[in-house]
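These notes concern the structure reproduced below.
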Amino acid sequence: MRTKIVAGNWKMNKTFLEAEELVAQVAEALDTRKLDNKTVVLCPPFPYLELATDIAKDAKFSVGAQNVYPDDSGAFTGEVSPPMLKSMEVEYCIIGHSERRKYFAESNEFLAGKLDGLLKHDIIPIFCCGEVLPEREAKKHFKVVEKQLNESLFHLKKNEMSRVVVAYEPVWAIGTGVNATPEQAQEMHAFIRSLIAKKYSKKLADDVTILYGGSCNAKNAKELFSNPDVDGGLIGGASLKAVDFLAIVDAL
Ligand code: 13P
């Protein structure tokens, strides 16, 4: 069955005390909610993962990292490996975020290695894809996303692909206040699902969770999530305030 997910990507925000406060607020508010088939994931910066996983033990959310290095260990100063995340009970990891692609030149091929590393250690990858504005304006957005999936994801075996969460994040919508319209999101999500069906099977494609990300907020979440192929959201700015994030959780 397809899991519905709201994941908060905090990016590089919050001091330790602020992080402690936000995790506690979310934990407390979720305590009184019935989440059924919904999963809530918090993805704080690396230094706060332990704080989050500690609280998550008795709370209704899971913890994700925002990045990972493909290898298990070695001389890679400043990097964090899949077994390290696993040993801290981190269950999810965002990869391929457009900010990593842009500022750290992460290629589709490099991301394929990260997927392998995460899956080997039983961590669920949240794989981000999406086009930049000139690509959409040139009507190349489907081609761009197809290439990202082909080069990073589609080497996976069926039993690996079935554990991946995909997040469609049109780059022009990230942090701009201009979200994709529900129609644009649905159209791309259905396209992504059709590619997965063609490569693997319809059954597998039907079960893959595909999140929308990009200026998703308390006001537009319900309409975005009401589409049949939009299974939740990957939330940036609006995940930094408990009330806003929880309103998005409630909209799913
Ligand atoms: P915003 O919600 O701030 O647009 O960011 C989306 C995002 O990049 C989530 O990964």
Side-chain angles (χ1 to χ4, degrees), residues 4-14 18-19 22 26 39-46 48-49 52 61-68 85 90-104 106 111 114-115 118 123-133 135-136 141 144-145 148-149 152-153 164-182 184-185 188-189 192 209-225 227 230-252:
K4 296 197 172 262
I5 299 175
V6 173
N9 174 10
W10 292 9
K11 309 191 181 183
M12 196 178 72
N13 290 293
K14 304 282 178 194
E18 288 164 352
L22 180 53
V26 172
T39 298
V40 177
V41 184
L42 299 185
C43 304
F46 283 136
Y48 312 146
L49 284 174
F61 68 86
S62 300
V63 178
Q66 297 176 17
N67 185 29
V68 73
L85 296 179
V90 170
E91 291 178 72
Y92 292 81
C93 183
I94 298 169
I95 61 163
H97 194 282
S98 62
E99 288 147 16
R100 303 254 7 136
R101 293 175 188 266
K102 180 174 172 192
Y103 301 125
F104 304 97
E106 295 194 358
L111 296 172
K114 294 191 181 204
L115 276 155
L118 289 171
I123 297 167
I124 300 171
I126 302 178
F127 175 76
C128 303
C129 57
E131 80 285 357
V132 296
L133 190 58
E135 292 166 339
R136 179 162 279 266
H141 44 296
V144 169
V145 169
Q148 290 170 337
L149 299 187
S152 297
L153 271 192
V164 173
V165 171
V166 177
Y168 170 56
E169 298 207 315
V171 182
W172 47 270
I174 296 176
T176 59
V178 181
N179 59 289
T181 64
Q184 287 171 326
M188 183 59 86
H189 285 223
I192 292 170
T209 300
I210 307 178
L211 308 179
Y212 169 77
S215 297
C216 182
N217 58 38
K219 285 207 182 88
N220 60 28
K222 199 157 194 74
E223 215 189 338
L224 284 161
F225 297 165
N227 290 287
V230 179
D231 309 314
L234 181 55
I235 317 300
S239 72
L240 297 174
K241 263 174 105 183
V243 278
D244 294 344
F245 185 63
L246 290 156
I248 298 172
V249 171
D250 291 339
L252 185 62

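When a ligand or atom number is given, it counts from 1 through the structure's own listing order. We're numbering straight along the sequence, starting at 1. Here the structure is a predicted model, which means the values were calculated and not measured.
No more than 12 heavy-atom neighbours from other residues, nucleotides or ligands sit within 6.0 angstrom of CD on Glu223.
Not a single N or O atom of Leu234, backbone or side chain, sits closer than 3.5 Å to an N or O atom of ligand 1.
Evaluation of the salt bridge (Lys or Arg N to Asp or Glu O under 4.0 Å) rule for Glu169 yields no partner, not counting sequence neighbours.
Although no hydrogens or angles enter the test, the distance criterion places no donor-acceptor pair under 3.5 Å between the side chain of Glu131 and the main chain of Val145. Checking side-chain atoms of Asp231 against main-chain N and O of Ile210 turns up a donor-acceptor pair under 3.5 Å. In this structure, Lys14 contributes its side chain and Leu240 its backbone to a donor-acceptor pair below 3.5 Å. In this structure, Asn220 contributes its side chain and Ser215 its backbone to a donor-acceptor pair below 3.5 Å.
The option from Ser239, Gly214, Gly237 that lies nearest to atom 3 (O) of ligand 1, judged by heavy atoms, is Gly237. Ranked by closest heavy atom to atom 2 (O) of ligand 1, the top entry among Gly236, Ala173, Gly177, Pro170 is Gly236. Remark: among candidates Glu99, Glu169, Gln66, the nearest residue to atom 7 (C) of ligand 1 is Glu169, based on non-hydrogen atoms.
Of all atoms in ligand 1, listed by their number and element, those nearer than 4.0 Å to a heavy atom of Asn9 are 9 (C), 10 (O). Atom numbering of ligand 1 starts at 1 in the shown order; those under 4.0 Å from a heavy atom of Ser215 are 1 (P), 2 (O), 4 (O). Those atoms of ligand 1 with a heavy atom of His97 less than 4.0 angstrom away are 7 (C), 8 (O), 9 (C), 10 (O). Residue Ile174 approaches ligand 1 through these ligand atoms, each under 4.0 Å from one of its heavy atoms: 4 (O), 5 (O), 8 (O). Applying the 4.0 Å criterion to heavy atoms of Lys11 picks out, from ligand 1, the atoms 5 (O), 6 (C), 7 (C), 8 (O).
The nearest pair of heavy atoms linking Ala173 to Ala180 is CB-N, 4.1 Å.
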